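Here's the structure, in structure tokens; my notes come after.
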2 protein chains.
Amino acid sequence: MSKHIRLNAFHMNAPSHSWAGFWRHPRDRSVDHNRLDYWVDLAVTAERGLFDGVFLADVFGIYDIYGGDAGATLHEGSQSPSHDPILTVPAMAHATTHIGFGVTANLTYEHPYQFARRFSTLDHLTQGRAGWNVVTGYLDSAARGMGLAKAREHDERYAAGEDFLQAAYKLWEGSWSGSAVIRDRRPRGAYIDPAQVRKVVHEGPYYRVEGFNLAEPSPQRTPLLYQAGASGRGKAFAGTHAECVFLEGQTPAIVAQAARDIRQHAVDAGRRADDVLLYLGATVLVAPTSAEARALQEEYARYVDPVGQLVLVSGWTGIDFSRLDPDEPLQFVKSNALQSTVENLTKRAGRPITPRDMARFDQIGGRGPFIVGSPVEVADQLIEWVDQTGVDGFNLRRLVVPESLTSFVDLVVPELQSRGRYATQYAPGTLREKLFPGRGPHLPASHPGARYRYA
Amino acid sequence: MSKHIRLNAFHMNAPSHSWAGFWRHPRDRSVDHNRLDYWVDLAVTAERGLFDGVFLADVFGIYDIYGGDAGATLHEGSQSPSHDPILTVPAMAHATTHIGFGVTANLTYEHPYQFARRFSTLDHLTQGRAGWNVVTGYLDSAARGMGLAKAREHDERYAAGEDFLQAAYKLWEGSWSGSAVIRDRRPRGAYIDPAQVRKVVHEGPYYRVEGFNLAEPSPQRTPLLYQAGASGRGKAFAGTHAECVFLEGQTPAIVAQAARDIRQHAVDAGRRADDVLLYLGATVLVAPTSAEARALQEEYARYVDPVGQLVLVSGWTGIDFSRLDPDEPLQFVKSNALQSTVENLTKRAGRPITPRDMARFDQIGGRGPFIVGSPVEVADQLIEWVDQTGVDGFNLRRLVVPESLTSFVDLVVPELQSRGRYATQYAPGTLREKLFPGRGPHLPASHPGARYRYA
């Protein structure tokens with residue numbers, strides 16, 4: 001039997017996300033991201049489509065590279081204003097039963113003692129459907145907001161991340177026995193057996209903790225861990241800690257290589273290659289017929305904002321694209337951050353890539369699969385990507401809200417199901433058990449967090 | 001016309017709250033505090049009773065004074081395990097329309113830049129029903145959890161609080177013009193006018209910020225500000241910043257004096273005496289008849305846990321009550337923290353107070369009005385307290401969940417309404433507009449936060 005394809009709805013608490021400018025589309029509801037109904041509708045639709053999760057990106061700080069300030073970012077609404085993602089989850093969780101929630105949270109400005117409590121609470125309230133997308137942030141604007149001069153350097157961010165995770169594992173896994181919570185309602189019966197709760201002491205290079213988790217153990221204890229490291233250090237970190245990885249990649253060969261790398265890192269860390277599920281970021285436009293899908297692409301393309309797109313690329317790479325000639329090939333721009341992207345886009349396009357290309361709403365401008373077609377055509381391509389690359393599924397990029405997701409659920413999901421390549425019901429249990437059936441709700445023994453387990 | 005009485009449901013994301021031990025009562029649902037339904041039911045009931053808000057206490061850290069460690073605290077479930085309150089709110093908000101949410105959050109371990117974004121997001125998602133109960137924390141256990149040696153001293157906590165609030169006001173009130181958000185859906189139209197967003201620079205003794213609020217202005221901008229300062233410094237802080245104050249007090253004379261003090265501090269700070277609403281913490285047991293109410297008190301009293309109660313008193317005062325003779329009068333215990341409480345309880349009881357008294361489920365053990373009776377009797381006493389003290393209403397302490405609140409809503413609210421002392425519908429608008437009708441959704445001009453308003 002071929003593998004079922006896994007899906008997350010990739011979203012953000014902001015007026016635009018992966019593709020800038022759709023908030024101007026007359027049918028788009030993104031301007032309602034400040035309303036709980038917007039989020040509940042999203043989660044209910046995704047759960048109707050048997051998605052694994054709603055995966056919430058986050059930007060803490062603001063992109064201020066394009067044009068040298070945040071002006072274009074604000075004007076285009078490019079991932080800004082950026083609101084706290086975690087507060088959308090409880091309303092979505094109350095309206096659903098199965099779907100999980102991957103919440104991006106930047107650890108750099110958090111403390112493990114406070115953070116462990118917050119995510120334990122989320123895991124309790126969602127009844128074991130909480131995930132944390134571990135990011136370390138890189139924006140100097142965030143550092144300045146927090147009263148610091150600049151963001152930590154790349155490798156130091158990962159070192160701090162290792163330290164943070166160790167402290168968090170100690171709190172989530174190590175401070176409470178599994179039988180500590182008794183709730184004995186007889187007179188003088190114990191709520192908690194104090195002998196089964198112990199202080200953890202963590203004295204790391206970045207974080208110090210002395211105490212036990214203030215929250216009792218939640219269904220999953222450690223929330224399901226997502227990561228999206230793309231650099232060498234990032235992939236090693238993901239291979240060590242992540243249970244789900246969000247990948248980007250322009251060609252099947254590139255994605256297949258990244259997938260192999262991450263799984264190898266997992267094996268090197270003493271885990272199994274399939275202890276990590278890989279979700280590839282993908283743009284999908286579907287309509288009942290191929291012609292209608294192409295027409296939809298043309299319609300949508302009129303709303304994708306080129307400046308808004310280059311605001312994002314500038315933010316990610318640190319290069320001010322407002323200063324570049326839109327039609328000048330990028331291959332000579334000196335930038336480590338840009339180099340592999342440009343090389344990969346060039347490979348895929350078969351010709352030099354320009355700034356204008358990077359803002360296009362098509363295969364070239366997409367940072368991964370860009371799939372347009374009828375349900376049959378879309379299913380063909382999704383299956384082909386999975387089978388060629390070894391990924392487990394996709395993070396579906398948000399386009400026009402909610403119609404792009406609704407169309408996918410209504411048209412593509414049944415097509416994948418009819419081919420035996422998609423689930424027809426949810427697996428039981430917590431988010432972790434749904435993704436890794438039969439292994440229980442907690443981190444597996446091979447995971448580095450498990451070594452801190454209460455003995 | 002006599003004033004309407006105002007009410008909040010006082011609650012906490014923990015198995016017990018003001019009165020320890022009710023989780024053992026066979027009809028009590030507190031053990032479900034980890035389930036969203038529990039919170040939604042609470043909010044729906046309180047909204048049915050036209051309450052102003054659900055007021056959520058929080059303890060960050062753990063009480064570890066009684067017996068010298070956290071053992072008794074955990075055993076009795078005395079405000080522990082203590083889970084994050086803010087994550088309960090979005091589910092409650094989605095299920096209700098009018099009721100507000102006062103969320104206790106300790107600023108000591110927060111940063112204004114991150115915190116402003118979170119509460120702006122909450123105010124957006126609740127459509128202007130977010131309140132923040134400003135606390136500074138005092139538990140050394142929290143400090144140790146956060147990797148520090150001990151909590152800040154009392155006066156330094158308030159100095160840091162002043163600094164935090166200034167920085168937060170700058171972000172909430174000063175970084176975005178009221179007309180900055182345009183959402184012009186025409187081609188190239190602006191989402192935000194960047195010329196109307198400006199960086200704030202705050203260089204305070206405790207906090208530094210350089211940036212604008214990452215979230216666009218929410219309906220109330222600054223969330224409704226609650227405070228519960230009881231010391232001289234605390235009352236001055238409340239008089240300066242708070243829009244609602246949560247008071248405790250054993251006799252009408254004590255409460256009346258505290259109410260006058262706080263209103264005088266408000267006037268001294270250039271505000272109006274009625275710019276601050278005062279809610280008095282109260283325990284109310286109601287039943288259809290006086291005899292049934294007394295029987296209910298006797299039944300409940302069997303579940304109030306004396307050790308659990310003394311765990312709380314020990315935590316608040318820093319005195320280990322496990323080392324005191326339960327029947328020895330407390331008047332000779334040297335403690336600033338305990339002194340006024342003991343004096344006031346002695347005044348109310350008309351005799352010396354012992355540790356055993358402080359754990360009693362009655363007038364003496366209550367830290368404020370303890371009212372038991374028929375709807376008529378309860379209404380009489382609530383009205384008498386309000387009219388004698390000048391407070392605006394009550395924070396109703398949680399007893400057996402949910403029946404104590406349901407009974408209050410079903411029995412006392414109609415009685416108060418029949419006397420013209422309770423609202424018969426919600427006022428329109430945001431939480432701030434409901435509490436201060438006709439003054440608009442934002443901080444009034446007389447509030448210190450208003451001086452940071454975008455000009």
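Naming convention: chains lettered A, B, ... in sequence-line order (proteins, then strands); numbering from 1 in each chain. Basis for what follows: all heavy atoms, side chains included, without hydrogens, waters or symmetry-related copies. Keep in mind it's a predicted model, so treat the numbers as computed, not measured.
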Checking B:Ser78 against chain A: side chain, backbone, both or neither under 4.5 Å from a heavy atom?
neither
Could you check A:Trp39 against B:His94 for side chain to side chain contact (heavy atoms under 4.5 Å, CB included), going step by step and ending with a plain yes or no?
CA-CA 10 Å; A:Trp39 294 100; B:His94 188 247; over 6 Å; no
Test log, rule side chain to side chain contact (heavy atoms under 4.5 Å, CB included), inputs A:Phe212 and B:Ile62:
CA-CA 9 Å; A:Phe212 49 82; B:Ile62 189 149; 3.4 Å; yes
Which heavy-atom pair separates A:Asp184 from B:Trp23 by the least distance, and what is that distance?
O-CH2, 3.3 Å
Is A:Phe119 close to B:Leu87 at the side-chain level, that is, under 4.5 Å between some pair of heavy atoms?
no
Working to the nearest 0.5 Å, report the span between CD of B:Gln196 and CG of A:Leu74.
11.0 Å
Below 4.5 Å, heavy atoms only, C-beta onward: do A:Leu214 and B:Pro81 meet side chain to side chain?
no
Residue, of A:Gly77, A:Gly211, A:Ala215, that accumulates the most heavy atom pairs under 4.5 Å with chain B:
A:Ala215
Does A:His25 offer a backbone N or O that forms a donor-acceptor pair with the side chain of B:Arg185 under 3.5 Å?
yes
Exam field: side chain B:Glu76 to backbone A:Tyr191, donor-acceptor pair closer than 3.5 Å
no
At a heavy-atom separation under 4.5 Å, does A:Val197 approach chain B through its side chain, its backbone, both, or neither?
side chain
Taking all heavy atoms of A:Pro194 and all of B:Gly71, pick out the closest pair and write down the distance.
CG-O, 3.2 Å
Is any NZ, NE, NH1 or NH2 atom of the basic residue among B:Arg188 and A:Asp305 found under 4.0 Å from an Asp or Glu carboxylate oxygen of the other?
yes
Contact winner vs chain B - A:Ala91, A:Gly147, A:Pro90, heavy-atom pairs under 4.5 Å:
A:Pro90
For chain A, the option from B:Glu203, B:His33, B:Arg183 that forms the most heavy-atom pairs under 4.5 Å
B:Arg183
Atom group of A:Asp123 that falls short of 4.5 Å from chain B, counting heavy atoms:
neither
Considering all heavy atoms, the nearest A:Gly189-B:His75 contact:
O-CE1, 3.8 Å
Heavy-atom contact with chain A under 4.5 Å, split by part of B:Val209
both
Region of B:Val201 in contact with chain A, defined by heavy-atom distances below 4.5 Å
neither
Is any NZ, NE, NH1 or NH2 atom of the basic residue among A:Asp58 and B:Arg117 found under 4.0 Å from an Asp or Glu carboxylate oxygen of the other?
yes
Highest number of heavy-atom pairs under 4.5 Å with chain B: which of A:Pro85, A:Gly308, A:Gly61, A:Ala195?
A:Gly61
Return the option, out of B:Pro15, B:Ala190, B:Gly145, B:Ser218, with the maximum number of heavy-atom pairs under 4.5 Å with chain A.
B:Gly145
What's the verdict on side chain to side chain contact (heavy atoms under 4.5 Å, CB included) for A:Arg118 and B:Ile86, showing C-alpha distance, side-chain angles and the deciding distance?
CA-CA 9 Å; A:Arg118 192 181 312 140; B:Ile86 198 170; 5.7 Å; no
Over 60° means perpendicular and under 30° means parallel, so classify the ring planes of A:His83 and B:His124, tilted if in between.
parallel
When rounded to the nearest 0.5 angstrom, what is the spacing between CZ in A:Arg35 and CG in B:Leu125?
10.5 Å
Do A:Pro187 and B:Tyr303 come close enough that some side-chain heavy atom pair is under 4.5 Å?
no
Interatomic distance, A:Ser80 atom OG to B:Ile192 atom CD1 [nearest 0.5 angstrom]:
7.0 Å
Do other residues, nucleotides or ligands put more than 12 heavy atoms under 6.0 Å from the CZ atom of B:Arg208?
no
Pick whichever of B:Asp64, B:Asp28, B:Asn13 has the most heavy-atom pairs under 4.5 Å with chain A.
B:Asp28
Measuring heavy-atom distances to chain A, does B:Ser120 have an atom under 4.5 Å in its side chain, in its backbone, in both, or in neither?
neither
Could you tell me which portion of A:Ala70 (side chain, backbone, both or neither) has an atom closer than 4.5 angstrom to a non-hydrogen atom of chain B?
side chain
Under 4.5 Å from a heavy atom of chain B, the part of A:Val181 involved
neither
Below 4.5 Å, heavy atoms only, C-beta onward: do A:Tyr113 and B:Arg144 meet side chain to side chain?
no
Heavy-atom closest pair (B:Thr121 atom, A:Asp84 atom, distance to 0.1 Å) is OG1-N, 3.0 Å
B:His111 side chain to A:Met146 main-chain N or O, any donor-acceptor pair under 3.5 Å?
yes
Counting only heavy atoms closer than 4.5 Å, note whether A:Thr88 contacts chain B via side chain, backbone, both or neither.
both
So which part of B:Glu216 gets closer than 4.5 Å to some heavy atom of chain A, the side chain, the backbone, both or neither?
both
